[in-house]
Amino acid sequence: MNSHTNLTQFIIEQQRTKPQSTGDLSALINDIASACKKISHLVNRSGIIGIGGASESENVQGEVQKELDIITNDVMVEHLNWTGHLAAMASEEIEDIIQIPEQQPKGKYLISFDPLDGSSNIDINLSVGTIFSILKCPEGVTEPTVEAFKQPGTEQVCAGFCVYGPTTMMIITTGNGVDGFTLDQDVGEFILTHPQMTIPEDTAEFAINMSNQRFWEPPVQRYIDECINGVDGVREKDFNMRWVASMVAEVYRVLTRGGVFLYPLDNKPSTNGGKLRLMYEASPMSFIVEQAGGISSTGRDRIMELTPEGVHQRVPVILGSKNEVERIISYHQK
Ligand code: AHM
Ligand code: MG
C-alpha cells in the first residue's frame with residue numbers, strides 16, 4: 001500500500017481478502033466516515049454558526065445536552081438510517097433503540113454510538129470525538145429490540161472512533177489490528193497515516209480524574225499513590241499525569257505513546273459503578289485497545305467479555321499499556 005491510501009481503498013482491499021464478504025460492512029464504514037466528516041465540519045464551525053452552547057434538554061442519563069450533542073446525533077442517524085446496512089441503532093443521546101424507518105431497507109448490522117464524546121470540552125476548544133461499535137443483528141431477528149444488542153464485546157465486527165482535535169482522525173479495527181487515518185480537509189478524504197498502531201507495553205503516564213480520589217476503591221488508591229510517589233516509592237520511577245476529560249483524546253494518546261487510562265469503580269452517588277457506558281464507550285475502546293496490544297478491564301473482568309444489561313449500562317474502565325494494566329488487575333485480586 002502506498003502512503004496515500006485512503007479509507008475507502010483500505011477497506012475495499014481488506015474486503016477482497018475475504019472472498020465471502022458482501023461489501024456491506026465496507027459500505028457501512030464509509031457511511032460512518034461521511035457522517036464523521038460532517039461532524040468534524042460542524043464542530044470546527046460551531047462557534048461561528050452559534051451551535052457551541054448548552055441546549056435546554058437533558059439526555060436519558062440526566063446530563064444537560066449540548067446543542068452539538070443533539071445535532072451530531074441527528075447527523076449520525078440521518079447518514080445511517082436509509083442506506084440499507086443497519087437493522088437498528090443505539091445512541092448515548094436516545095433512551096431507546098433507534099429503529100430504521102419503515103420505508104427504508106434494513107440491513108444485517110447493529111450500531112451503537114456516542115455521537116460527541118467529551119462534549120463538555122466544546123466550550124473550551126479541546127478535543128471531542130465520535131465512538132462507534134458494530135455488531136451483527138442476530139439471525140432471524142427482523143424487528144430488533146434492546147435484546148439484539150445484548151452481545152459481549154467479543155462479538156463486535158468493527159469498532160472505531162473519530163477524534164476532532166488539531167487534526168481530525170479516524171481510528172478503526174475490524175479485528176486485524178488498528179489503523180489510523182487523518183482527514184485531509186482539502187480533498188475530504190481520510191488518509192492512512194498511522195497503520196497498525198501498537199501500544200507500548202510499559203509506560204510512565206497515567207490518566208485519571210484525581211478529584212474523585214476519595215471515592216475510589218483501595219486497589220486504585222494504592223496504584224495511584226505508588227505512581228505519585230515516583231522515584232521515592234516502590235515503583236522507583238517518576239510518573240506523568242494527563243486528564244483531558246475526553247476519552248477519545250485519552251485513548252488516542254495511549255495508542256500513540258502508551259499510558260494507562262482509568263475511570264474506575266467508585267462510590268460516588270452520581271456514577272453508580274463507573275461513569276463510562278459499556279455499549280458505545282467501553283466496549284468499542286476495549287476492542288481497539290486489545291487489537292493494539294493493550295489490555296482493557298474493569299479491574300476484575302475483561303470488558304470485552306461483558307454482556308450489556310441495557311443500552312446505557314455503565315462500567316469501570318481501566319485500559320492501556322499491558323504491564324501497567326496487569327499490575328492494576330493484580331492489585332484488585334489481592
Ligand atoms: P460524555 O459522553 O457525556 O462526554 O462523558 C464521557 C466523558 C469521557 O470522554 C471522559 O473520559 C469522561 O466523561 C470525563 O469525565 P469527568 O468529567 O468526570 O472527568
Ligand atoms: Mg461519551
Side-chain angles (χ1 to χ4, degrees), residues 36 39 43 46 52-55 57-73 75-76 89-95 111-133 159-165 169 171 205-216 220 224 241-255 259-289 296 298 303 308 311-320:
C36 290
I39 294 172
V43 167
S46 58
S55 73
S57 55
E58 286 186 352
N59 67 12
V60 57
Q61 295 144 79
E63 299 159 342
V64 175
Q65 290 174 306
K66 296 278 183 186
E67 262 183 287
L68 266 174
D69 284 324
I70 300 166
I71 293 168
T72 55
N73 179 71
V75 169
M76 289 296 279
M89 299 178 260
S91 165
E92 173 174 325
E93 302 306 329
I94 305 288
E95 181 164 6
I111 191 168
S112 307
F113 55 81
D114 177 355
L116 202 63
D117 182 59
S119 55
S120 67
N121 278 330
I122 286 287
D123 302 346
I124 54 172
N125 200 23
L126 286 184
S127 296
V128 290
T130 301
I131 312 173
F132 62 91
S133 160
F161 69 91
C162 213
V163 54
Y164 313 111
M169 293 209 55
I171 311 299
E205 196 161 66
F206 67 92
I208 193 164
N209 184 340
M210 284 295 295
S211 70
N212 292 327
Q213 184 172 22
R214 69 188 187 282
F215 302 110
W216 301 334
V220 172
I224 298 298
M241 196 198 90
R242 289 285 182 272
W243 188 250
V244 189
S246 183
M247 192 189 197
V248 287
E250 320 270 13
V251 172
Y252 185 72
R253 186 185 61 250
V254 167
L255 284 166
V260 55
F261 165 88
L262 305 93
Y263 215 115
L265 184 68
D266 59 38
N267 59 12
K268 208 176 173 183
S270 58
T271 53
N272 188 21
K275 174 174 183 187
L276 300 173
R277 277 58 53 111
L278 177 58
M279 268 177 45
Y280 43 79
E281 292 174 327
S283 200
M285 289 309 204
S286 298
F287 191 15
I288 291 165
V289 163
S296 182
T298 63
I303 290 177
V311 177
H312 304 287
Q313 182 193 346
R314 296 173 191 266
V315 287
V317 175
I318 299 169
L319 60 78

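Remember, it's 1-based here, ligands and their atoms both numbered in the order they're listed.
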Practice prompt. Spell out, as yes or no, whether a donor-acceptor pair under 3.5 Å connects the side chain of Asp117 to the backbone of Glu281.
Written response: no
Discussion item. So if I count the atoms of ligand 1 from 1 in the order they appear, which ones are less than 4.0 Å from some heavy atom of Glu281?
Written reply: 2 (O), 6 (C)
Fill in: For the Mg ion (ligand 2), the closest N/O/S atom belonging to Glu281
OE2
Practice prompt. For the pair Asp69 (side chain) and Glu93 (backbone), establish whether a donor and an acceptor sit closer than 3.5 Å, ignoring hydrogens and angles.
Written response: no
Discussion item. Closer than 4.0 Å to some heavy atom of Trp243 - which atoms of ligand 1 meet that?
Written reply: 14 (C), 19 (O)
Discussion item. I'd like to check whether Gly118 has a polar contact with ligand 1, where a contact means an N/O of the residue lying under 3.5 Å from an N/O of the ligand.
Written reply: yes
Practice prompt. Number the atoms of ligand 1 from 1 as they appear, then name those within less than 4.0 Å of a heavy atom of Ser119, with their elements.
Written response: 4 (O)
Item to complete: From atom 5 (O) of ligand 1, work out which of Lys268, Glu250, Arg277 has a heavy atom at the shortest distance.
Response: Arg277
Discussion item. Looking only at N, O or S atoms in Asp114, which is nearest to the Mg ion (ligand 2)?
Written reply: OD2
Discussion item. Do Phe161 and Asp114 make a side-chain contact, defined as non-hydrogen atoms from C-beta onward lying under 4.5 Å apart?
Written reply: no
Discussion item. Give me the nearest non-hydrogen protein atom to atom 7 (C) of ligand 1 as residue plus atom name, then the distance to 0.1 Å.
Written reply: Asp117 OD1, 3.9 Å
Worksheet entry | Exam field: side chain Ser246 to backbone Ser127, donor-acceptor pair closer than 3.5 Å | yes
Item to complete: Quick one: report the N, O or S atom of Asp117 that is nearest to the Mg ion (ligand 2).
Response: OD1
Fill in: Heavy-atom side-chain contact between Met76 and Ser91 under 4.5 Å
no
Worksheet item: With a 6.0 Å cut-off on ring centres, are Phe206 and Trp243 close enough?
Response: no
Discussion item. What I'd like to find out is whether the side chain of Val75 reaches to under 4.5 Å of the side chain of Pro115, using heavy atoms alone.
Written reply: no
Discussion item. Are there over 12 heavy-atom neighbours, none belonging to Asn125, within less than 6.0 Å of that residue's CG?
Written reply: no
Worksheet item: Which of the numbered atoms in ligand 1 are below 4.0 angstrom from a heavy atom of Glu92?
Response: 1 (P), 2 (O), 3 (O)
Worksheet item: Does any donor atom in the side chain of Asn212 or Tyr263 lie under 3.5 Å from an acceptor atom in the other side chain?
Response: yes
Worksheet entry | Under 4.0 Å to a heavy atom of Met247 - the qualifying atoms of ligand 1, by number | 8 (C), 9 (O), 10 (C), 11 (O)
Worksheet item: Where does Tyr280 meet ligand 1, judged by heavy-atom distances below 4.0 Å: at the side chain, the backbone, both, or neither?
Response: neither
Item to complete: State the atoms of ligand 1, each with its element, that fall below the 4.0 Å cut-off from a heavy-atom position in Asp114.
Response: 2 (O)
Practice prompt. Before signing off on this row, confirm whether Ser120 and ligand 1 have an N or O atom pair separated by under 3.5 Å.
Written response: no
Practice prompt. Give the atoms of ligand 1, by number and element, whose distance to some non-hydrogen atom of Lys275 is under 4.0 Å.
Written response: 5 (O), 12 (C), 13 (O), 14 (C), 15 (O), 16 (P), 17 (O), 18 (O)
Response to the item:
Here the pair of heavy atoms bringing Thr298 nearest to Ile318 is O-CD1, 3.9 Å
Worksheet item: atom 18 (O) of ligand 1: which protein heavy atom is closest, and how many Å away?
Response: Tyr263 OH, 2.5 Å
